[in-house]
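Single-structure report; data block below.
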Amino acid sequence: MMSSRSIYANVPAGTHLPSAVNAIVEIPKGRRSKFEVDKDTGLMRLDRYLYSSSHYPGDYGFIPQTLAEDGDNLDILVMVNEPTFCGCLIQARVIGLFKMTDRGLHDYKVLAVPSTDPLFAEFTDLDDVPKHYLREVEHFFATYKQLEGVTTEIEGWDHASAASAEVHASVDRFMADLARRAKSQLG
Ligand SMILES: [Mg+2]
């Protein structure tokens, strides 16, 4: 879990949950370098250069103040017409959910579009996304760790309603964890 010292930890999950969320970008679209928020310092750090010769199919990062089943923030992939940058905050509209398993744990990815990009104004659910883009994302997450000897299991795509439910569940998990930690500090 992210250090509370990180400025990103103080960002709310979104203003109109669960359909409009805040996305913190770690890896801009087109990059092969895997940046992530360092749990100890709260800074953006270079985790690794992807072993596979492939690049992220969208701006990739996390929704703050959420807790996914793998113990990290809920992951999010934002379709963008132009890559933003590491640390950028994007107000995003949730349109789908990519379901996969990594090392035996659910590692779902929320698919979203920037709320303020007019070229994505008609994108509200999975059916609005070009089918080939969904295939690209699926192929990327099925193969990006192969040369590290890690296999990921792909479960497939689900609709915006499922993604919103996952956001909701991850916010609830975060709040429950926060309450549990506060309680254990009181002894
Ligand atoms: Mg994850």
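One-based numbering, in listed order, for ligands and for the atoms of each.
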Check your understanding: Looking at Tyr108, Phe141, Tyr133, which hits ring pair (Phe, Tyr, Trp, His ring centres under 6.0 Å) with Phe98?
Key -> Phe141
**Study point:** Presence of N, O or S from Asp70 under 2.8 Å of the Mg ion (ligand 1)
**Key:**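 Given the 2.8 Å cut-off, Asp70 counts as a ligand of the Mg ion (ligand 1).
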Practice item. Check whether any N, O or S atom of Asp75, backbone or side chain, sits closer than 2.8 Å to the Mg ion (ligand 1). Key: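 Yes.
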Point to revise | Arg173/Asp177 salt bridge by N-O under 4.0 Å criterion | key: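 Looking at Asp177 and Arg173, the cut-off is not met.
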Review point. Does a side-chain N-to-carboxylate-O contact under 4.0 Å join Lys109 and Asp75?
Key: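 So Lys109 pairs with Asp75 through a salt bridge.
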Review point. Taking just the N, O or S atoms of Asp107, which one is nearest to the Mg ion (ligand 1)?
Key: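 This residue's closest N, O or S atom turns out to be OD1.
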Exercise for review: Output, in order, the C-alpha distance, side-chain angles, deciding distance and verdict of side chain to side chain donor-acceptor pair (under 3.5 Å) for Thr152 and Asp102.
Suggested key: CA-CA 5 Å; Thr152 50; Asp102 189 346; over 6 Å; no
